[in-house]
Amino acid sequence: MTRPRQYWLVKSEADSFSWNDLWTSPARTTHWDGVRNYQARNMLRDELRKGDLVLFYHSSSEPNAIMGICEVVRDGYPDFTAFDPREEHFDPRSDADQPTWYMVDVKAVRPFARPITLSELRGVPGLEQMTLLQKGSRLSVQPVRKGEWAVIEKLERQLAKGQTVGKVVR
DNA sequence: GCCAACGTTGGC
DNA sequence: GCCAACGTTGGC
C-alpha cells in the first residue's frame, strides 16, 4: 500500500542557499544537507518520502517568503557532509557507521508566480495552526497540513492574478 | 542591532 | 534529573 503524499516546508537563508541556487543547480536538484537539529533530522530520516512536496522558504531574508515548490526525489540517507572536517557543518561526533545526521534530495518543481511573504501569510484563514507562523518556531524542516497546502496554492493563484490578500489597511 | 524563543551542554 | 549558562535562530 502506498502512503499518501505528504507536505513539508524547508527553510533556507537566501544568502546561503536560495531558491535561485536550487533552480540553477544541475537537474534543479540538491541534497538538503547541513540540518543539525534532532527533530528535523528525525523527519528527514523517517518521514519525508520520494514524491512528497515541499515549500521552499527564505528565512532571515528580505523579504522572508515562500519562493516555490520542490519535490523530494530521494528518501533520507546519511548527510555525508557531517563526516568532512572541511565542511561548514562537520560534526566530529557523527561517524559513517552510525550516522547522526540525515538528508534528502529535493528537486525544484516550479517557482511561485511571485513569492508569498511571511507577512502575507499571517492572518490568512486556514493557516492559523501553520507551524511556520507559530511564535518561536525554529524548525528548519516542518510538516505542512494538506489543508494548509491547499490554502497556500489558492493564495498563489490569487496573487498571480494580481489580487491582494489580507485586510485592507487604511 | 536587538532580543525572545529554543536547543544543547555540562556541572552538580 | 535538574537547571543555569551558552549558542543559535530568526523576526522585527
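Naming: A, B, ... by sequence-line order, numbering from 1 per chain.
Regarding H58(A), its NE2 atom lies at a distance of 16 Å from the C1' atom of dG11(C), rounded to whole Å. If you measure from atom CG of D15(A) to atom P of dT9(C), you get 14 Å, rounded to the nearest angstrom. Rounding to whole angstrom units, CG of residue L139(A) and C1' of dT9(C) are separated by 11 Å. Taking atom CG of L133(A) as the reference point, atom C1' of dT9(C) lies 16 Å away to the nearest angstrom. The distance from atom CZ of R36(A) to atom P of dT9(B) is 13 Å, rounded to the nearest whole Å. Rounded to whole angstrom, the span from the CD atom of Q134(A) across to the P atom of dC6(B) amounts to 11 Å.
A donor-acceptor contact closer than 3.5 angstrom is absent between the side chains of N42(A) and Y102(A). D79(A) and T81(A) are linked by a side-chain donor-acceptor pair at a separation below 3.5 angstrom, with hydrogens and angles left out of the test. Counting only N and O atoms by type, the side chains of S61(A) and N64(A) include no donor and acceptor under 3.5 Å apart.
The phosphate of dG7(C) has neither OP1 nor OP2 within less than 4.0 Å of any side-chain N or O from R138(A). For dG7(B), neither phosphate oxygen OP1 nor OP2 lies less than 4.0 angstrom from any side-chain nitrogen or oxygen of R41(A). Close to dT9(C), at under 4.0 Å from its OP1 or OP2, lies no side-chain N or O of Y57(A). K11(A) has a side-chain polar atom (N or O) that falls below the 4.0 Å cut-off from OP1 or OP2 of dG10(C). An OP1 or OP2 oxygen of dG11(C) is reached within less than 4.0 angstrom by a side-chain nitrogen or oxygen of N64(A).
Of the listed nucleotides (dG11(C), dG7(B), dA4(B)), dA4(B) has the atom at the smallest distance from the side chain of K135(A). Across dT8(B), dG10(C), dC12(C), the shortest atom-to-atom separation from the side chain of S59(A) is found for dG10(C).
Taking the six-membered ring for Trp, W32(A) and F56(A) have ring centres closer than 6.0 Å.
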